[in-house]
Amino acid sequence: MSCGCKTSGDSAHSCGPKKTANGCESVNTCGNSYKLSVFDWLSNINNPASNRCDLVEVRFKNDRKSFYKNVNNIPLHIGSVVTVESSPGHDVGVVSLTGELVKIQMKKKKFPEESILKIYRQANQKDLEVWQEARKKEDGVKLEARKIAHRIGLEMKVTDVEYQGDSSKITFYYTADNRVDFRQLIKEYAGAFRTKIDMKQIGFRQEAAKVGGIGSCGRELCCSTWLTDFRSVNTNVARYQQLSINPQKLAGQCGKLKCCLNYELDSYLDALSHFPSSSTTLDTEKGRAFCIKIDVFKKKMWFAYVDSSMAWYDFDIDLVKKLIAKNKKGERTPPLEDLKQPDTPVQSIDLIQENNVDRFEKKNRGNNRNRNQNRPNNNGQNQGAQQGQSQGPKKNRPERTERTERPERPERAENPNANANSGNQPRPQQKPQPKPQQPKAQVEKTDTPSDPEKKQQNPNKKNFKKKYPPKKDKNA
């Protein structure tokens, strides 16, 4: 049952134990919880006149609304479920607006005061049960109605079905391109559903408003949420806004042009009033040029020669107006190449400093390079210590340079040089022989892969690494 709280007439909605004929406690009294609702900006203002407005706006399923007169002075508020007069029988709806604003709505929609019906009472429990049972049948009736229309062969589409509050009448909303003969169809419907049948044809825009959906902008359709009137939209609206005439992009869910094309039309027309005509041509010394493009936001116009239209030249509208005035005097303008001024690049200052996509990777790049440089050396040292095999003369050279450059350990750097010159000899015999330290560059020049003494460094190098392991890199 729909009680008016944050719903648009869905029969599956339920408020639990709070629902009553007066609505429920979660009803938004400003009217924003209703589909196509109206904000009552006079709700907090006391009426200075003594007489109170007895007109009430009542909403039914989807976007159908009507105005009624509260002849019995029943205390009503937004969200109250009422039983109103209908033909035949009675109908059940939800109050969507009260007070002085109802008169303004009637004037806007040109609703005649002579055809105003009256409100019987607030809906009692029996009225609510009958109304709720009728709403549950609507989906099944709609499917059955489509099957019957298809079997007869009518070119129509049953969009929606609405039961009256007392289940005495069914209204079928349909869309069709051509006129449809309902004589056989109404007989079939009356025999199948055993009630009074009412057929109403609606347009494709009204169909989209009843069905609802999500637009290309990612939001709900305007016609199903807040748009109350449908203004005509033509292709000239797209041309004024410099849009490509692409039916797939300009069409909405209803298959017609989008209603939102009219929203910014006034702003575009105001901006285009300061532009020269798009059919403007310029007489230059090189030939005639015509307008090929307009940018409303940058206030520029692109021109190209009639003979060679591949090269475009953009000018401000102020300069174009001066050139047009010069042509009216019978004078030719200079060529477009000479009039074209070099574009000065605008230097933008990034105050937030978040436009750079690589701002998070700058620090990591330096660390990754250091890690990549240290990893192969450490791995080579570990493998040499475990397997006792050297990685080659080229890979060991940078390690030797690091050890010889240390001023704190001069004796340790002399041992490998002594071993390299004397071969495999015991260390006690080499210690009493002091030798001057040779420069590392000379040792590296003499070392060659074919030197037999170079191959005998593996056992000494293994013992040397075990005694004096290199310091571990903290960044590794």
Side-chain angles (χ1 to χ4, degrees), residues 2 4 8-9 23 27-43 45 47 49 51-123 131 159-160 162-166 168-174 196 198-210 222-232 259 262:
S2 175
S8 61
V27 171
N28 191 351
T29 56
C30 68
N32 291 334
S33 60
Y34 298 112
K35 183 178 180 180
L36 300 179
S37 61
V38 180
F39 179 74
D40 190 4
W41 50 275
L42 295 176
S43 59
I45 300 176
N47 189 5
N51 55 346
R52 185 180 179 183
C53 180
D54 56 352
L55 298 177
V56 179
E57 184 187 64
V58 180
R59 177 187 57 82
F60 300 93
K61 185 180 179 181
N62 292 331
D63 58 344
R64 186 170 71 91
K65 293 181 180 180
S66 186
F67 300 95
Y68 295 89
K69 193 171 184 178
N70 187 6
V71 293
N72 298 324
N73 295 327
I74 305 172
L76 299 176
H77 57 85
I78 295 177
S80 299
V81 184
V82 294
T83 302
V84 298
E85 182 182 2
S86 181
S87 178
H90 65 271
D91 202 353
V92 179
V94 181
V95 176
S96 58
L97 192 63
T98 59
E100 296 291 335
L101 199 60
V102 179
K103 294 182 180 180
I104 301 176
Q105 289 294 104
M106 291 178 62
K107 185 178 180 181
K108 178 182 178 181
K109 296 182 179 181
K110 298 179 181 180
F111 192 86
E113 297 183 1
E114 294 80 10
S115 60
I116 296 179
L117 302 178
K118 60 182 179 179
I119 296 176
Y120 288 148
R121 61 184 180 275
Q122 285 189 350
W131 182 39
T159 301
D160 197 6
E162 182 180 1
Y163 260 96
Q164 193 169 288
D166 57 352
S168 62
K169 185 177 69 173
I170 307 177
T171 303
F172 293 91
Y173 298 95
Y174 70 95
K196 185 179 179 180
D198 188 11
M199 304 294 296
K200 284 188 178 181
Q201 185 176 4
I202 58 176
F204 294 99
R205 295 179 185 272
Q206 287 80 5
E207 178 187 12
K210 287 183 176 296
C222 298
C223 55
S224 64
T225 51
W226 62 272
L227 195 63
T228 56
D229 55 341
F230 298 97
R231 297 182 181 180
S232 60
C259 298
N262 282 333

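Keep in mind that the numbers below use all heavy atoms, side chains included, and drop hydrogens, waters and symmetry copies.
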Undergrad: Excluding sequence neighbours, so at least two apart, what forms side chain to side chain donor-acceptor pair (under 3.5 Å) with Asp166?
TA: Gln164, Ser168

Undergrad: Measure the NZ-NZ distance between Lys69 and Lys118 for me, rounded to the nearest 0.5 Å.
TA: 11.0 Å

Undergrad: Using the side-chain contact (heavy atoms from CB on, under 4.5 Å) rule, take Leu97 and Lys65 through it: C-alpha gap first, then chi angles, then the decisive distance, then the call.
TA: CA-CA 10 Å; Leu97 192 63; Lys65 293 181 180 180; over 6 Å; no

Undergrad: Which pair of non-hydrogen atoms, one from Ala209 and one from Ser224, has the smallest distance, and what is that distance?
TA: O-CB, 3.5 Å

Undergrad: Once side chain to side chain donor-acceptor pair (under 3.5 Å) is applied, do any residues pair with Asn70, and if so which ones, sequence neighbours excluded?
TA: none

Undergrad: Phe111: which residues meet the ring-ring contact (aromatic ring centres under 6.0 Å, His included) condition with it, sequence neighbours left out?
TA: Phe67

Undergrad: With a 4.0 Å cut-off on N to O distance, would you call Arg64 and Asp160 a salt bridge?
TA: no

Undergrad: Checking side chain to side chain contact (heavy atoms under 4.5 Å, CB included) against Val92, which of Tyr163, Phe60, Trp131 comes through?
TA: Trp131

Undergrad: If you measure from CG on Leu101 to SG on Cys53, what distance do you get to the nearest 0.5 Å?
TA: 9.5 Å

Undergrad: Distance check, rounded to the nearest 0.5 Å: Arg231 atom CZ versus Arg205 atom CZ?
TA: 12.5 Å

Undergrad: How close do Lys169 and Ser87 get, counting heavy atoms only, and between which atoms?
TA: NZ-O, 3.6 Å

Undergrad: Decide yes or no for Asp91 and Val58: does some side-chain heavy atom of the first lie under 4.5 Å from some side-chain heavy atom of the second?
TA: no

Undergrad: Identify, with sequence neighbours excluded, every residue that meets side chain to side chain donor-acceptor pair (under 3.5 Å) alongside Glu85.
TA: none

Undergrad: Restricting to ring-ring contact (aromatic ring centres under 6.0 Å, His included), what partner residues turn up for Tyr120, sequence neighbours left out?
TA: none

Undergrad: Any chance you could measure Thr83, atom OG1, to His90, atom NE2, to the nearest 0.5 Å?
TA: 5.5 Å

Undergrad: Any side-chain to backbone donor/acceptor pair from Ser96 onto Glu57? Under 3.5 Å, distance only.
TA: yes

Undergrad: Taking the side chain as every heavy atom from C-beta outward, state whether Val95 and Val82 have any pair of such atoms under 4.5 Å apart.
TA: yes

Undergrad: Apply side-chain contact (heavy atoms from CB on, under 4.5 Å) to the pair Leu76 and Gln122, showing each step before the final yes or no.
TA: CA-CA 8 Å; Leu76 299 176; Gln122 285 189 350; 3.7 Å; yes

Undergrad: I need the minimum non-hydrogen distance between Leu55 and Val102, along with the two atoms involved.
TA: O-CG2, 3.6 Å

Undergrad: Using the side-chain hydrogen bond (donor to acceptor under 3.5 Å, both in side chains) rule, collect all pairs that involve residues 97-112, keeping only residues at least two apart or in two chains.
TA: Asn47-Glu100

Undergrad: Can you confirm whether Thr171 sits close enough to Lys200 that some side-chain heavy atom of one is under 4.5 Å from a side-chain heavy atom of the other?
TA: yes

